[in-house]
Amino acid sequence: MINLVKALSGSLWSTIAVVVVVSGLAVTAAVQAFGLRVSGGLALYFVIWWILLFAVLPFGVRSQVESGDVVQGSEPGAPALPALREKAIWTTLVASVVLVVVAAVFPLAGL
């Protein structure tokens, strides 16, 4: 799975395509299976995605000092290789699962 995500994050367009397709499938599943409106599914997915993005951002980050390549004039604690495309795909995959689980729990909570 890790190698697949790395391959898909190879270009900007493949990353955008994966994020759009997986997000669309997750929102469609939540709307069809659990009776959400499309606008409600999109809004819920948007909130879940952004919260999870901030949770995923610190994973695997090495500072410039740790990698031994400090760019002159930059903060030594700045990330050397943040891998933002990979993190966008991971966030999308996790957010899709969380959306389906949350949409399934809504009726149990009376919402």
For this session: Begin with the C-alpha distance, continue with both residues' side-chain angles, and end with the deciding distance and a verdict on side-chain contact (heavy atoms from CB on, under 4.5 Å) for Arg62 and Leu81.
Result: CA-CA 7 Å; Arg62 297 189 66 205; Leu81 296 170; over 6 Å; no
For this session: For Gln64 and Asp69, run side-chain contact (heavy atoms from CB on, under 4.5 Å): C-alpha distance rounded to whole Å, both residues' side-chain angles, the deciding distance at 0.1 Å, then the answer.
Result: CA-CA 5 Å; Gln64 293 179 16; Asp69 184 28; 5.8 Å; no
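By the 4.5 Å heavy-atom criterion applied to side chains, Val94 and Val56 are not counted as neighbours. Taking the side chain as every heavy atom from C-beta outward, Leu99 and Trp49 never approach each other to under 4.5 Å. Arg37 is not listed as a side-chain neighbour of Val31, based on a closest heavy-atom distance of 4.5 Å or more. A heavy-atom distance below 4.5 Å is found between the side chains of Ile2 and Trp90.
Between Leu53 and Thr91, the shortest heavy-atom distance links the atoms N-CG2, 3.5 Å. Nearest heavy atoms, Thr15 versus Ala88: CG2-CB, 4.5 Å. Nearest heavy-atom pair, Val100 versus Ala26, reported as atom, atom and distance to 0.1 Å: CG2-O, 4.5 Å. The two residues Glu66 and Val61 make their nearest non-hydrogen contact at OE1-O, 4.2 Å. Across all their heavy atoms, Ala103 and Ala30 have their closest contact at CB-CB, 4.1 Å. Shown here for Glu86 and Ser9, the closest heavy-atom pair between the two residues is CG-OG, 3.1 Å.
Side-chain N or O atoms of Ser23 include none that pairs as donor or acceptor with a backbone N or O of Val20 at under 3.5 Å. No donor-acceptor distance shorter than 3.5 angstrom exists from the side chain of Lys6 to the backbone of Met1, with no hydrogens or angles considered.
The aromatic rings of Trp50 and Phe54 sit tilted, their planes meeting at an angle between 30° and 60°.
To the nearest 0.5 angstrom, Ile89 atom CD1 is 10.5 Å from Ile16 atom CD1. Here the straight-line distance linking atom OG1 of Thr92 with atom CG of Leu8 works out to 11.0 Å at 0.5 Å rounding. Atom-to-atom distance recorded for Leu4:CG and Leu93:CG is 8.5 Å, nearest 0.5 angstrom. Taking CZ of Phe106 as the reference point, atom CG of Leu36 lies at 7.0 Å (rounded to 0.5 Å).
The hydrophobic clustering, which links ILVMFWY residues whose side-chain heavy atoms are closer than 4.5 Å, places Phe46 and Val102 together. Under the 4.5 Å side-chain heavy-atom criterion for grouping Ile, Leu, Val, Met, Phe, Trp and Tyr, Phe34 is not connected to Tyr45 through any hydrophobic cluster. Following chains of ILVMFWY side-chain contacts shorter than 4.5 Å, one cannot reach Val98 starting from Val5, and the two form parts of different hydrophobic clusters.
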